[in-house]
There are 2 protein chains.
Amino acid sequence: MSTHSSSADEAHAEIEAPVTRVLVVDDHEVLASSLARVLDEEPDLASVGVAGTLERARAMIVTTAPDVVLLDHRLPDGDGVAAISELRALRPSIKVVVLTASAADHVLVAAIEAGASGFVSKTRSLGELTSAVRAAASGEAVISPELLARLLPRLSPSGRPRHQELTEREREVLGLVAEGLSNAAIAERLVVSVHTVRNHVANLSAKLGAHSKLEALSIAVREGLLPGR
Amino acid sequence: MSTHSSSADEAHAEIEAPVTRVLVVDDHEVLASSLARVLDEEPDLASVGVAGTLERARAMIVTTAPDVVLLDHRLPDGDGVAAISELRALRPSIKVVVLTASAADHVLVAAIEAGASGFVSKTRSLGELTSAVRAAASGEAVISPELLARLLPRLSPSGRPRHQELTEREREVLGLVAEGLSNAAIAERLVVSVHTVRNHVANLSAKLGAHSKLEALSIAVREGLLPGR
DNA sequence: ACCCGTCTAGTACGTTGGTACTAGACGAGG
DNA sequence: CCTCGTCTAGTACCAACGTACTAGACGGGT
């Protein structure tokens, strides 16, 4: 095994940019460091380092000037995808490739809307990942066909702008549901009536396709909709 | 960055075993392959391949005869930790090092009880991981001090065998609760009455310190008590 | 000016769930 | 043999939840 791939990956050698500088952002040191080493082995790629938190990523983007940021979706101090536009604002030339374990549809959509140049599931091969990095570096926005197939039906069906997104308040309620709170307890926290909470729960449940708070939580967990895990 | 570590890691060079053969079992191709390459770079370690499922791991253990299995806890076709004893039965000489993202206490305990030789969180450094692999290969069962500190209070407090453990049936019910099912639906799945389900739910909730299925799920999620996520 | 989405609050009714018990069957272990 | 834990089933009662509506306030956008 361990197919040593100095194989002719893709013949279209980049000439304009000598080396693509990559920053790996993932709280899993084991993954991030391994990946950084693998990238360093590629002649046209180089890691500028590893960041385990968004805060560290922000700092390293300004100090190490990467071309591409390989960004995990779930980080200790926040949602990676949600931070994409902020990171891009720090250094507009960076391309962001989201590297995620879950690959739930809504994350994919959010990443693309935030300006990600690529999206790779951690279950895919290293070759696919390096391809995505190279594509991103050369200005292309590539999504794997597999993911694209999932994405299209979300965007195309008539001109409907997708009502499925939860509102701010609904996400807030969902967060409290995730804490196992009763409607009454949620109402108390938010300083509103139980009726209002019931409405929010009913609405967000409908959007998630759930018929109870329990099912809503189950789905939210499965799809990785919760920020703090 | 990318501190090239051909540094004198540990001076106690293994002489008896020339090279430790490692099998990486993780459904995240990106991690597994990167890790395999990193291990191949170490002079005393070599990857014999990568397995993305338990089924594949079983096959590769018999065909590639690894010395150490680096095992992820959460795999597509089952719980890695739960499969430890089974894998060890296939080839009794193998040492298992569990590599996990969550590192919830009960997983740690289960891994050790199943005969794991090491336990490393994915958030730790590569150095810690390779150390654990080398330690496992040489017959030592090493747990990082950080994890050990968490483990001790679980085993020592008087001789109390801890009644908090869920029974098999309760775990089963909890799994169905995690799918968002109603008591009636759970009863149907298990072919028992709703009363029985209510009892199980009440009992497991009490053990978890919850007062509702929702809260039980919330706690189970927070503590990483669920096998498939 | 108007519409739309969101947040808020309410009424009403039926369903589900939680709590507190009792109790029989069964298997493992002292 | 008897005990203990577990799984099973039941009764009974009240609280919580889900559903289906209506409706006012408010802000952003056309």
Side-chain angles (χ1 to χ4, degrees), chain A residues 106 109-110 113 154 157-221 225, chain B residues 82 106 110 113 158-221 225:
Chain A
H106 62 99
V109 174
E113 284 174 350
R154 283 198 146 240
S158 71
R160 190 161 36 78
R162 213 173 355 81
H163 277 244
Q164 306 304 52
E165 294 302 334
L166 300 187
T167 67
E168 185 60 38
R169 198 56 154 175
E170 283 164 357
R171 271 193 298 276
E172 200 175 356
V173 171
L174 179 57
L176 295 172
V177 167
E179 289 184 28
L181 301 181
S182 68
N183 287 346
I186 295 174
E188 204 174 324
R189 286 270 197 107
L190 299 181
V191 201
V192 296
S193 83
V194 192
H195 303 290
T196 302
V197 174
R198 277 227 263 259
N199 283 334
H200 288 317
V201 170
N203 292 333
L204 73 86
S205 292
K207 289 181 181 176
L208 294 178
H211 296 85
S212 68
K213 292 197 298 179
L214 181 69
E215 201 179 347
L217 175 53
S218 170
I219 293 172
V221 168
L225 255 65
Chain B
H106 63 101
E113 283 173 351
S158 72
R160 189 163 34 78
R162 221 174 345 84
H163 275 244
Q164 306 303 53
E165 294 302 334
L166 300 186
T167 67
E168 185 59 37
R169 199 57 155 174
E170 284 164 355
R171 269 192 299 275
E172 201 176 354
V173 171
L174 179 57
L176 295 172
V177 167
E179 288 183 29
L181 300 182
S182 68
N183 287 346
I186 295 173
E188 203 174 326
R189 287 270 198 109
L190 299 180
V191 201
V192 296
S193 83
V194 191
H195 303 291
T196 302
V197 175
R198 278 226 262 258
N199 282 335
H200 288 317
V201 170
N203 291 334
L204 74 86
S205 293
K207 288 181 181 177
L208 294 178
H211 296 84
S212 68
K213 291 198 299 180
L214 181 70
E215 201 179 348
L217 176 53
S218 170
I219 293 172
V221 168
L225 254 65

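First the proteins, then the strands, lettered A, B, ... as listed; each starts at 1.
- Between the P atom of dC7(C) and the CG atom of Leu176(A) lies a distance of 14 Å, rounded to the nearest Å.
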Are there any protein N/O atoms within less than 3.5 Å of an N/O atom in nucleotides 27-30 of chain C, and if so, which ones and at what distance?
none

inquiry  = One character per nucleotide, please: for nucleotides 11-24 of chain C, 5' to 3', B when the base has a protein heavy atom closer than 4.0 Å, S when only the sugar-phosphate does, - otherwise.
reply    = BB----BBB-B---

task = Give the C-alpha distance, both sets of side-chain angles, the deciding distance and a yes or no for side chain to side chain contact (heavy atoms under 4.5 Å, CB included) between Thr167(B) and Lys207(B).
result = CA-CA 10 Å; Thr167(B) 67; Lys207(B) 288 181 181 177; 3.8 Å; yes

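- Spacing between atom CD of Glu172(A) and atom P of dC7(C) amounts to 9 Å, rounded to whole angstrom units.
- Note on Thr167(B): only backbone sugar-phosphate atoms sit closer than 4.0 angstrom, heavy atoms only; bases stay farther off.
- An OP1 or OP2 oxygen of dA9(D) is reached within less than 4.0 angstrom by a side-chain nitrogen or oxygen of Thr196(B).
- How far CD of Glu172(B) is from CD of Glu170(B): 11.0 Å, rounded to the nearest 0.5 Å.
- Of the possible donor and acceptor atoms, one in the side chain of Glu215(A) sits under 3.5 Å from a partner among the backbone N and O of His211(A).
- His200(A) places its NE2 atom 16 Å from the C1' atom of dG18(D), with the value rounded to the nearest Å.
- Atom CG of Leu190(B) is separated from atom P of dT6(D) by 17 Å (rounded to the nearest Å).
- Here Ala185(A) pairs with Leu181(A), Ser182(A) under the side chain to side chain contact (heavy atoms under 4.5 Å, CB included) rule; sequence neighbours left out.
- Partners of Ala216(B) by side chain to side chain contact (heavy atoms under 4.5 Å, CB included), not counting sequence neighbours, listed by chain and number: Leu204(B), Ser205(B), Leu208(B), Ala210(B).
- One can place CG of Leu204(A) at 15 Å from C1' of dT19(D), the figure rounded to the nearest angstrom.
- Protein atom CG of Leu166(A) is 15 Å distant from nucleotide atom C1' of dC7(C), rounded to whole Å.
- Nucleotide dG18(D) holds its P atom 17 Å from the NZ atom of Lys207(A), rounded to whole Å.
- Minimum interatomic distance between Ser218(A) and Ala178(B) (heavy atoms only, all atoms of both residues): OG-O, 2.5 Å.
- The rotation axes computed at either terminus of the helix from dA1(C)-dT30(D) to dA28(C)-dT3(D) lie 50° apart, taking five pairs at each end and rounding to 10 degrees.
- Contact between the side-chain N/O atoms of Ser193(A) and the OP1/OP2 oxygens of dA9(C) is found at a separation under 4.0 Å.
- With rounding to whole Å, Asn203(A) atom CG is found 12 Å from dA20(D) atom C1'.
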Can you list, pair by pair, the side-chain donor-acceptor contacts under 3.5 Å of residues 186-201 of chain A, counting residues two or more places apart and other chains?
{"from": "Arg189(A)", "atom 1": "NH2", "to": "Glu179(A)", "atom 2": "OE1", "distance (Å)": "3.1"}
{"from": "Ser193(A)", "atom 1": "OG", "to": "His195(A)", "atom 2": "N", "distance (Å)": "3.2"}
{"from": "Ser193(A)", "atom 1": "OG", "to": "Thr196(A)", "atom 2": "N", "distance (Å)": "3.2"}
{"from": "Ser193(A)", "atom 1": "OG", "to": "Thr196(A)", "atom 2": "OG1", "distance (Å)": "3.3"}

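- The minimum heavy-atom distance linking Leu166(A) with Arg171(A) is given by the pair O-NH1, 2.9 Å.
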